[in-house]
Structure formats: C-alpha cells, structure tokens
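Quick note on labels: first sequence line is chain A, next is B, and so on, each numbered from 1.
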Protein chains: 2
Amino acid sequence: MLNVSIYVNMCDTYRVMTTESSSSALAIACCAPLERQPLSAGDAVSIARAMKAMSDPARVRLVSIVTSSASGEVCVCDFTDPLGLSQPTVSHHLKILVDAGILHREKRGIWAYYSLIPGALGSLAELLSRV
Amino acid sequence: MLNVSIYVNMCDTYRVMTTESSSSALAIACCAPLERQPLSAGDAVSIARAMKAMSDPARVRLVSIVTSSASGEVCVCDFTDPLGLSQPTVSHHLKILVDAGILHREKRGIWAYYSLIPGALGSLAELLSRV
DNA sequence: CCTTTTCATCGACACTCATCGATATTGGAG
DNA sequence: CTCCAATATCGATGAGTGTCGATGAAAAGG
C-alpha cells in the first residue's frame, strides 16, 4: 500500500526550489538544514521500547526496591506490600522489566529472586544521550 | 475506604517474627533487608512521567530531528514528512514533549519553531541514575 | 499420594493513548 | 477586510495497557 501524505505545505516546495536552483527563497522558508542524520525508525523503536519499560510508577519503584536491597536479590512477596498492588500485577510488571533486560529472574525452590542486571540502567541513560 | 490486601504470604509472618524475637527464621525466608530507602511513590510518578515522554518512537524521532538540525530550530512542517504522520499527530506529540520540559516552542510569524531545552536529556538520564 | 506455599498465566474490564479528519485560530499577503 | 497558509485543538475510534480475581504450575513437606 502506498503511503500518501494528505498534508502538503509550501515548506517542501521551498526545499525543492533551493536544491534545484537559487537559494533566495530559503530566507523566508522555515526549513532548516540537517547537521547530521537523525535516528532511524528502527533505532527510535528500540529506544522507545526501553523507555516504556520505565514509564510506569510501579515499575520504577520495583527497580528501586531491588537497588535498595542489601543483598541485591528480592523475591516477589517483598514487592507486593510496599506497592499496594496485587501479586498478579506485580508479576506482570516484573515480567516487563525482565523482558526489557533490566531485571534478572532466578527461581530457587519456591521463591523467585529478582536482581538488577549490571549496567542496565547505565545503558538506558546512554541511549538517551544518543538521541 | 480501607486498603485490604487479599494476597497474604508467610514471608511477612517471618518478617514480624524476626523483628520481634529471634532471627532464626530469616534464613529460610525470602525477605531481604534494605540497604537504603527505596523511591517514594511521588518520586516514582515523576520519573515515570518523564520516561513516558520518550516512550513513543515518534517522539524519540522528533527530538532526534531537533538535535540533528544545524540551527537547533525546527518547524512543524519539517517533522511531518520524515515521520509519515499527519500534522495533528505531530502537533500532539510536540505538545507532550513541551509539557515534559524537553522541547521549547517559539512562534514566529506563521511558523512554530521547536528547539531542545539545554540539559533536558541530561537531567532525564540523571533521573535514571537515582533509581 | 495430598496439602500448602509461591509465583506465573489467563480472561475480563476499565482506562489511556496514538492516530486521524474536521475545525478553529493565528498571522501574513493582497 | 478578505483570502490563504501554518499550526493547534476537538471528537471519534481503534489499539494498547494496568489492574484484578481465578486458575494453573512447580516445589517442598507431610
């Protein structure tokens, strides 16, 4: 299917004019030249996906509880009470954080222990600097 | 209304036991002590809100186009074509980025110029390090 | 075997959000 | 003042998401 843009502005007309002939029209146009190549659509999706993992207050607190733990390992039952959320909801958020590569899950006996993947938050911050 | 937790686990029972009497039950429990205080609910909401602003691929690309611009100023008409989105949708995303304190909007004549607020992305990355 | 405990998954619901077309608003040009 | 171009806002809609209760899965113990 063809991607047809309905919204047409004169700004694009100015761009075509300036690249093909004179540059006198640039002064009154709004089009700004690029200094470097913007992020590709794929890179933007990756960055947005990583940010979305930390875009919920419950998940931010989950990560905070892990980083605040002395042992670095926290089991699910330690999350439910301080957050005031049900156990299925906590498990749901933990899964999102694991899928995003932020938390690590290790099952030992009955309990599931969650720990922070080293450098995960750092690489998340580094992604922001690349935008 | 009273907040009643339906989900009850023995882990909490262990915690009460250890704080009130001996600590022999701690070894078999899953409860981990805290090294420092986790983020408050309010702080978590603030951080999550900031992250949500960058949790959409279109908004990530919008910011990237601004930072890639030689002049540092980009008008709306420069956003629509590379993103393949309609003009109302682009305006919608730009408003979210402005409200989040990431972009600055300046209306000059017919056009609206958007520029990056200095240090906005840096403080966003700094927020992550505080989790 | 059966029971208990922890945790994940499922199904459903309400709510939010990204997107668009239509319309309003603003500012320049004639 | 009238027309037009650029942008913001509105209303609607379909997709996504957070939340929960109910249920399933797995492990430990009797």
Side-chain angles (χ1 to χ4, degrees), chain A residues 3-14 25 28-31 44-45 48-49 51-62 74-81 83-100 103 105-114, chain B residues 3-14 25 28-31 44-45 48-49 51-62 74-81 83-100 103 105-114:
Chain A
N3 191 358
V4 179
S5 174
I6 304 296
Y7 177 72
V8 178
N9 54 46
M10 298 304 295
C11 181
D12 297 328
T13 310
Y14 291 145
I28 63 166
C30 60
C31 306
V45 168
R49 184 153 36 202
M51 294 299 150
K52 181 172 288 187
M54 295 293 287
S55 71
D56 185 274
R59 290 196 287 272
V60 172
R61 296 187 75 185
L62 287 177
V74 185
C75 80
V76 178
C77 63
D78 273 322
F79 291 121
T80 52
D81 266 26
L83 264 65
L85 293 176
S86 71
Q87 175 265 325
T89 302
V90 170
S91 274
H92 165 71
H93 286 306
L94 287 172
K95 177 176 171 56
I96 291 178
L97 290 170
V98 169
D99 291 345
L103 292 187
R105 176 180 180 271
E106 185 183 354
K107 192 77 177 284
R108 284 206 303 269
I110 299 285
W111 295 287
Y113 292 87
Y114 286 88
Chain B
N3 191 358
V4 179
S5 174
I6 304 298
Y7 177 72
V8 179
N9 53 48
M10 297 304 295
C11 181
D12 297 327
T13 310
Y14 292 146
I28 64 165
C30 61
C31 305
V45 168
R49 184 152 36 202
M51 293 299 149
K52 181 172 286 187
M54 295 294 286
S55 70
D56 186 275
R59 291 196 286 271
V60 171
R61 296 187 76 186
L62 287 177
V74 186
C75 80
V76 179
C77 63
D78 274 322
F79 291 121
T80 52
D81 266 25
L83 263 65
L85 294 175
S86 72
Q87 175 265 326
T89 301
V90 171
S91 274
H92 165 70
H93 286 307
L94 287 172
K95 176 176 172 55
I96 291 178
L97 289 170
V98 169
D99 291 344
L103 292 188
R105 176 181 181 272
E106 184 184 354
K107 192 79 178 285
R108 284 207 302 270
I110 299 286
W111 296 287
Y113 292 87
Y114 287 88

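At least one side-chain nitrogen or oxygen of B:Tyr114 sits closer than 4.0 Å to the OP1 or OP2 atom of D:dA8. Residue A:Ser86 places at least one side-chain N or O under 4.0 Å from the OP1 or OP2 atom of D:dC20. Distances shorter than 4.0 Å separate some side-chain N or O of A:Thr89 from OP1 or OP2 on D:dC20. For A:Arg105 and C:dC7, the shortest distance from a side-chain N or O to OP1 or OP2 is not below 4.0 Å.
A donor-acceptor contact shorter than 3.5 Å links the side chain of B:Ser55 to the backbone of B:Lys52. Looking only at distances, a side-chain donor or acceptor of A:Arg59 sits under 3.5 Å from a matching main-chain atom of A:Ala53.
Atom CG of B:Leu85 and atom C1' of C:dG21 are 15 Å apart (whole Å). With rounding to whole Å, A:Asp81 atom CG is found 12 Å from C:dT6 atom P. Here the C1' atom of nucleotide C:dA8 and the CD atom of A:Glu106 are 17 Å apart, to the nearest Å. When the C1' atom of C:dT9 is taken as reference, atom NZ of A:Lys95 falls 9 Å away, rounded to whole Å. Look at NE2 on A:His92: it is 22 Å from P on C:dT6, rounded to the nearest Å. Straight-line distance from the CG atom of B:Asp78 to the C1' atom of D:dA6: 12 Å, rounded to whole Å.
Rounded to the nearest 0.5 Å, atoms CD1 (B:Ile96) and CG (B:Leu62) are 10.0 Å apart. Separation of atoms OG1 (A:Thr89) and CG (A:Leu83) is listed at 10.0 Å; rounding is to 0.5 Å. Here A:Lys95 contributes atom NZ and A:Tyr114 contributes atom OH; the two are 9.0 Å apart, rounded to the nearest 0.5 Å.
A heavy-atom distance below 4.5 Å is not found between the side chains of A:Pro57 and A:Arg61.
Interface residues of residues 52-61 of chain A facing DNA chain C, ordered by number: none; criterion, heavy-atom separation under 4.0 Å.
Heavy atoms of A:Phe79 sit nowhere under 4.0 angstrom from any nucleic acid atom.
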Any chance you could list the contact pattern along nucleotides 22-30 of chain D? Use B for base contacts, S for sugar-phosphate-only contacts and - for none, protein heavy atoms under 4.0 Å, 5' to 3'. B----BS--
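Residue B:Gln87 comes nearest to B:Thr80 through the heavy atom pair CA-CG2, 4.0 Å, listed as atom of the first residue, atom of the second, then distance. Heavy-atom minimum distance, A:Asp56 versus A:Ala58: OD1-N, 2.8 Å.
Annotation: of the two residues near DNA chain D, B:Leu94 and A:His93, the 5′-most nearest-nucleotide partner is B:Leu94.
Residues satisfying the side-chain contact (heavy atoms from CB on, under 4.5 Å) criterion with A:Lys107, sequence neighbours excluded, are A:Arg105, A:Ala112.
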